[in-house]
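Heads up, the thing below is written out as structure tokens.
Not measured: the values here are computed from a predicted model.
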Protein chains: 2
Amino acid sequence: MTTELSHGEMGANIAASLRESILAGRYKPGERIKPAELTEQYRASRIPVRDALRLLESEGLVTSVANTGAWVATLSVDDLTELYLVREHLEPLLLRMNVPLMSDDNIDELQQLADAMELSDDVERFLRLDREFHLSALRHAHTSMLSNTVLGLWNRTQHYRREATRQFFTGHDRSVHHDHHLIVNALRHRDEEEAEHVLRRHIRRSRLELSRHPEIFAAT
Amino acid sequence: MTTELSHGEMGANIAASLRESILAGRYKPGERIKPAELTEQYRASRIPVRDALRLLESEGLVTSVANTGAWVATLSVDDLTELYLVREHLEPLLLRMNVPLMSDDNIDELQQLADAMELSDDVERFLRLDREFHLSALRHAHTSMLSNTVLGLWNRTQHYRREATRQFFTGHDRSVHHDHHLIVNALRHRDEEEAEHVLRRHIRRSRLELSRHPEIFAAT
DNA sequence: TTTGCTCTGATTGTATGTAATCTGCCCTAG
DNA sequence: CTAGGGCAGATTACATACAATCAGAGCAAA
């Protein structure tokens, strides 16, 4: 569905579309992005496409080299664990700030997401629910910069989370779901301390798990 | 001094120069940036200038509105305290990662910076030394993302740190220097825990101080 | 006097053309 | 057969031209 666009947001729209494609996995890390394809796909000139690529580059989703080209960004093991380390220190803080701002209905929705996740046996569905669970618990505080930073961390690590989920989905690790329910319970009791703590350990566990499994990067 | 530039870094160079001007205070928050001036100043066309502005926008130093113009970014009290809150959680972590990588010479240099800062009675000199002290304690770990994030936090808050220093420089608050020496001592003993903790409290005190003095924003 | 509209000048977004740079292949020398 | 240099093709950075949008001045009506 193409909506009417006003002058000046064509670059942003191309970026949004490309971002969505990258996050959905239709573009994979290391894959080359050809501006020519985008210009004809969006019926735009090279300049909005260029703007879009530079925007995504600033978000860390694209890497470009002068006079050479642009690729979907790749992460090394060290990069990935570094991003998780930052997440581990920022996201629990943001969650804490959200606790007093969430309604009971918001918490009910989180509960439903956690339940649905537990029953899900499809990787993509699990990923979507997991992302929705975490991000919707963070969007109530109007902290533009902290929120954007955390969102960026999620986006940059999205592909590797997908890969890890694919490889370990069969392993019946219940701790993830356990954490989610612990978080929901903490939210119900408005226990900021507990929510922050559980989320920090939750992310920390993911980080250690990832650093223990470098084979996730084999697909590169 | 103009060095020979290769094709493809003109935008980055304009951005670097503009960034330096903003950090030095030659551009003030809210001040309009006129692309026409930059094009003739750098003998470049509008496109590299545009690239530079978009790059600085992604760093949070510039705010631009479509079809309207670009200004040096301004921060509200809430924005500023939010940035300090993030700094408070990331910078001590980064410092900790640096501790085992610093040489005795590095620590000596920090000691000299702390001493010089204590004797300095000029605002600009103090600012330069303070920035140098903190950033040079962080540049040993090759953590591209975390380092860049922290550097960005310093840059975005630079002007308000200058303003706060101007207004409170006479107040003989020794705690800042005390913290710096505590940090140097912790580094000498390779006490990561202590270094991290002192820096966290150091930033936290600055944050609370700023939130208590909204008059810093009067000059806007 | 104040409020609202219109129009104009200025400024930016977009399109196209030109020049510089890089990658990969091919050829040659060892 | 291998390694190094150079050439060609492709791709991007930069310059210029044009179209769309916005802000403010000026005027008219209440």
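With dT12(D), dT12(C), dC22(D) as the choices, the nucleotide that has an atom nearest any side-chain atom of P35(B) turns out to be dT12(C). Candidate nucleotides dT14(C), dC14(D), dG13(C) were compared by shortest atom distance to the side chain of P48(A), and dT14(C) ranks first. Side-chain atoms of H7(A) lie closest to dT14(C) of the nucleotides dT14(C), dC14(D), dC22(D).
For dT14(C), neither phosphate oxygen OP1 nor OP2 lies less than 4.0 angstrom from any side-chain nitrogen or oxygen of R46(A). Side-chain nitrogen and oxygen atoms of S45(A) include none within less than 4.0 Å of the OP1 or OP2 phosphate oxygen of dT14(C).
Between the CD1 atom of I33(B) and the C1' atom of dT12(C) there is a distance of 15 Å, given to the nearest Å. Atom pair N67(A):CG and dA8(D):P shows a separation of 20 Å (rounding to whole Å applied). Here the C1' atom of nucleotide dA15(C) and the CE atom of M10(A) are 10 Å apart, to the nearest Å. Note: CD1 (I47(B)) to P (dA19(C)) measures 16 Å, nearest angstrom. The nearest whole Å value for the distance from the CD atom in E37(A) to the P atom in dA10(D) is 15 Å. Regarding D51(A), its CG atom lies at a distance of 15 Å from the P atom of dT12(D), rounded to whole Å. Separating the CD atom of E57(B) from the P atom of dT12(C) is a distance of 13 Å, rounded to the nearest angstrom. Rounded to whole Å, atom P of dC14(D) lies 14 Å from atom OH of Y42(B).
Exactly one residue among R207(A), R200(A), R201(A), R205(A) makes a salt bridge (charged side-chain N to carboxylate O under 4.0 Å, His left out) with E88(A). That residue is R207(A).
Between G8(A) and G69(A), the residue whose closest nucleotide on DNA chain D is further toward the 5' end is G69(A). Remark on DNA chain C: of its neighbouring residues V65(A) and R43(A), the 5'-side contact belongs to R43(A), judged by nearest-heavy-atom nucleotide.
Here the CG atom belonging to D122(A) is positioned 11.0 Å from the OG1 atom belonging to T165(A), to the nearest 0.5 angstrom.
A tilted orientation is assigned to the rings of H213(B) and F168(B), their planes being inclined by 30° to 60°. Note: H134(B) and W154(B) have tilted aromatic rings, judged against thresholds of 30 and 60 degrees for the angle between ring planes.
In this structure, R190(B) pairs ionically with D104(B), as a charged nitrogen and a carboxylate oxygen lie closer than 4.0 Å.
Nucleic acid contact for A36(A): none, since no nucleic acid atom lies under 4.0 Å from a heavy atom of the residue.
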